[in-house]
Amino acid sequence: MQFFALLTRNTQKFSDADFAPLLPPESEQRKTLYVQGAVRQIWNRGDVPGTGIMFEAGDEKEVRGHLATLPLIEAGMMDIAAIVPLNPYPGFGPKR
């Protein structure tokens, strides 16, 4: 099943200088999750500092487990705004 996680940087408490040292390990962990097949796609948000991540997982608990491995989440510098389970769109099914 696919899930869309919407993450927001906690810019109220942390400055760009606070984020800087964690960005390289954050990037590496995201790559690891991608190689493992847990992450399908990643986007930078265009509205606020943050990320959208498409996960392949059995349930929301599994998604939260993957997110917990991200350094920015571990440090409390990134908040999980939403985790949305996605169902297939039926409009592209077989024609009758």
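Reckoned from all heavy atoms, side chains included, excluding hydrogens, waters and symmetry mates. Being a predicted model, the structure only gives us computed values, none of them experimental. Throughout, residue positions are numbered sequentially from 1 according to the sequence presented.
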Glu28: what forms a side-chain contact (heavy atoms from CB on, under 4.5 Å) with it, not counting sequence neighbours?
Lys31
Report the residues that fulfil salt bridge (charged side-chain N to carboxylate O under 4.0 Å, His left out) with Glu60, sequence neighbours left out, ordered by chain and then residue number.
Arg64
Kindly state each residue pair satisfying ring pair (Phe, Tyr, Trp, His ring centres under 6.0 Å) with at least one member in residues 12-32, sequence neighbours excluded.
none
Sorted by chain and residue number, the side chain to side chain donor-acceptor pair (under 3.5 Å) partners of Asp18 (sequence neighbours excluded) come out as Ser15
Taking only residues two or more places apart in sequence or in another chain, which ones pass side-chain contact (heavy atoms from CB on, under 4.5 Å) with Gln36?
Thr32, Leu33
Residues Thr51, Leu72; criterion side-chain contact (heavy atoms from CB on, under 4.5 Å); working and verdict
CA-CA 11 Å; Thr51 304; Leu72 292 177; over 6 Å; no
Which pairs, with at least one residue in residues 34-53 and sequence neighbours excluded, count as a salt bridge (charged side-chain N to carboxylate O under 4.0 Å, His left out)?
Arg40-Glu56, Arg45-Asp47
Set out, in order, the CA-CA distance, both residues' side-chain angles and the distance that settles side-chain contact (heavy atoms from CB on, under 4.5 Å) for Leu6 and Val84, then state yes or no.
CA-CA 8 Å; Leu6 194 59; Val84 181; over 6 Å; no
Considering residues at least two apart in sequence or located in another chain, which fulfil the salt bridge (charged side-chain N to carboxylate O under 4.0 Å, His left out) criterion with Arg30?
Glu26
Only counting residues at least two apart or in another chain, list the ones meeting salt bridge (charged side-chain N to carboxylate O under 4.0 Å, His left out) with Glu74.
none
Separation between CZ (Arg9) and CG (Asn44), nearest 0.5 Å, reads 8.0 Å
Check side chain to side chain donor-acceptor pair (under 3.5 Å) between Thr11 and all other residues, then give those that pass, not counting sequence neighbours.
none
How would you list, by chain and number, every residue that makes a side-chain contact (heavy atoms from CB on, under 4.5 Å) with Pro21, sequence neighbours excluded?
none
Nearest 0.5 Å, please: how far is CZ in Phe3 from CG in Asp59?
6.0 Å
Quick one: ring-ring contact (aromatic ring centres under 6.0 Å, His included) partners of Phe4, sequence neighbours excluded?
Trp43
Do Met54 and Val39 share a hydrophobic cluster, counting only Ile, Leu, Val, Met, Phe, Trp and Tyr and linking them when any side-chain heavy atoms are less than 4.5 Å apart?
no
Value for CE (Met78) from CD1 (Ile73), rounded to nearest 0.5 Å, stands at 6.0 Å
Which heavy atom in Leu86 sits nearest to a heavy atom in Met1, and how many Å separate them?
O-CE, 4.0 Å
Quick one: CG on Leu70 to CG on Leu22, what's the gap to the nearest 0.5 Å?
11.0 Å
For Ser27 and Pro24, indicate whether the former's side chain and the latter's backbone hold a donor-acceptor pair under 3.5 Å.
no
If you measure from CG on Leu67 to CZ on Phe55, what distance do you get to the nearest 0.5 Å?
4.0 Å
